[in-house]
Amino acid sequence: MNVTVLQFPGTNCEYDTKYAFEKLGCDVSIIWHKEKELPENTELLVIPGGFSYGDYLRSGAIARFANIMDSVQKYAAKGGKILGICNGFQILLEAGLLPGAMKRNSTLNFISKFNHLKVINNDNIFLSKLKKDQIINIPVAHQDGNYYIDNEGLKELEENNQIILRYCDEKGKEESINGSVSFIAGICNKEKNVFGLMPHPERAMEDLLGCADGELMLKGFLK
Amino acid sequence: MKAIVNVALKQGVLDDQGKATHHALDTLGFKDVVKDVRIGKQIIMELNALNEEEAKEEVTKMCEKLLANTVIEDYQIEIVG
């Protein structure tokens with residue numbers, strides 16, 4: 001499978017993401033933000049983590065206007081599959097490809113640790129290899145991961161099974177780590193081709209690194 | 001001409017920075033004085049010669065497009081001669 005990974009000034013997870021998908025047998029190309037077109041053979045587009053444009057102004061706000069983003073919008077509209085991880089999630093929110101917005105963590109500090117997540121919906125390709133209510137252990141590393149959406153928007157997310165992951169403890173009790181509305185760690189769009197999550201599955205690909213639960217998530221995209 | 005833009009979280013959207021600062025002011029002895037604290041950012045721009053109306057129109061476009069995230073933030077624009 002052909003995976004395209006975007007790279008902005010300040011992106012720092014592009015090589016981890018490349019490693020993760022190569023480990024799963026994919027061909028991965030890293031594309032610089034100044035390019036105008038995505039490779040034609042792209043079967044999955046990943047917007048990786050990092051600090052695009054230094055997170056100046058707001059996380060993801062400047063990256064959404066990069067040259068490549070017109071092509072990303074068209075790709076999404078055609079039903080292309082997109083995964084945004086951490087800063088990638090923030091960029092998808094700013095670009096309007098996913099609903100809601102990110103605020104500063106309610107703890108007001110940078111959170112970097114392994115955290116448990118609960119699979120809320122698996123009727124989508126991303127989490128199709130996981131069971132509903134399954135608990136997985138994936139690292140988080142973010143300062144602006146406090147997901148916000150108004151009540152009406154939250155209702156819509158719930159009704160359309162767009163909430164895909166929530167933060168929880170090791171026993172599965174849902175809990176807040178950063179103030180996110182409804183403990184949300186990841187969502188998708190209505191059409192279920194655009195996915196965003198704050199935790200980093202690409203950093204959980206080896207038992208040697210603490211956990212390999214990320215593999216199960218990313219495998220969902222494989223044909 | 002100068003434009004001063006103030007961007008802050010909308011009323012009703014919990015402002016954790018404001019809340020923490022409010023708490024700190026309380027403990028510093030301003031408990032009876034401070035009712036609420038909101039923290040935002042100020043963007044100051046020097047503009048090329050435009051009339052005030054045009055300036056306000058252009059800066060509004062900037063706010064809607066980039067300077068504020070209107071999902072969670074409000075903005076106020078002040079044009080200074």
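Chain A is the first sequence line, chain B the second, and so forth, proteins listed ahead of strands; every chain is numbered from 1.
- Residues satisfying the side-chain hydrogen bond (donor to acceptor under 3.5 Å, both in side chains) criterion with A:Arg64, sequence neighbours excluded, are absent altogether.
- Within residues 91-118 of chain A, the residues that have a heavy atom under 4.5 Å from a heavy atom of chain B are A:Glu94, A:Gly100, A:Ala101, A:Met102, A:Lys103, A:Arg104, A:Ser106, A:Leu108, listed by number.
- Heavy-atom contacts from other residues, nucleotides or ligands closer than 6.0 Å to CG of A:Asn151 number 12 or fewer.
- Only the side chain of B:Ile43 comes within contact range of chain A, judged by heavy atoms closer than 4.5 Å.
- Counting heavy-atom neighbours within 6.0 Å of A:Phe65 CZ, excluding the residue itself, gives a total above 12.
- Neither the backbone nor the side chain of B:Lys19 has a heavy atom closer than 4.5 Å to any heavy atom of chain A.
- Of the residues considered (B:Ile72, B:Leu66, B:Val71), B:Leu66 shows the highest number of contacts with chain A, using heavy-atom pairs under 4.5 Å.
- For A:Lys34, the NZ atom is loosely surrounded, since the number of other residues' heavy atoms within 6.0 Å does not exceed 12.
- Interface residue A:Asn146: only side-chain heavy atoms are found under 4.5 Å from chain B.
- Around CG of B:Asn48, the count of heavy atoms belonging to other residues, nucleotides or ligands within 6.0 Å does not exceed 12.
- In this structure, B:Gln42 places its CD atom where more than 12 heavy-atom neighbours from other residues, nucleotides or ligands lie under 6.0 Å away.
- Residue B:Asn69 holds its CG atom at 11.0 Å from OH of A:Tyr148, rounded to the nearest 0.5 Å.
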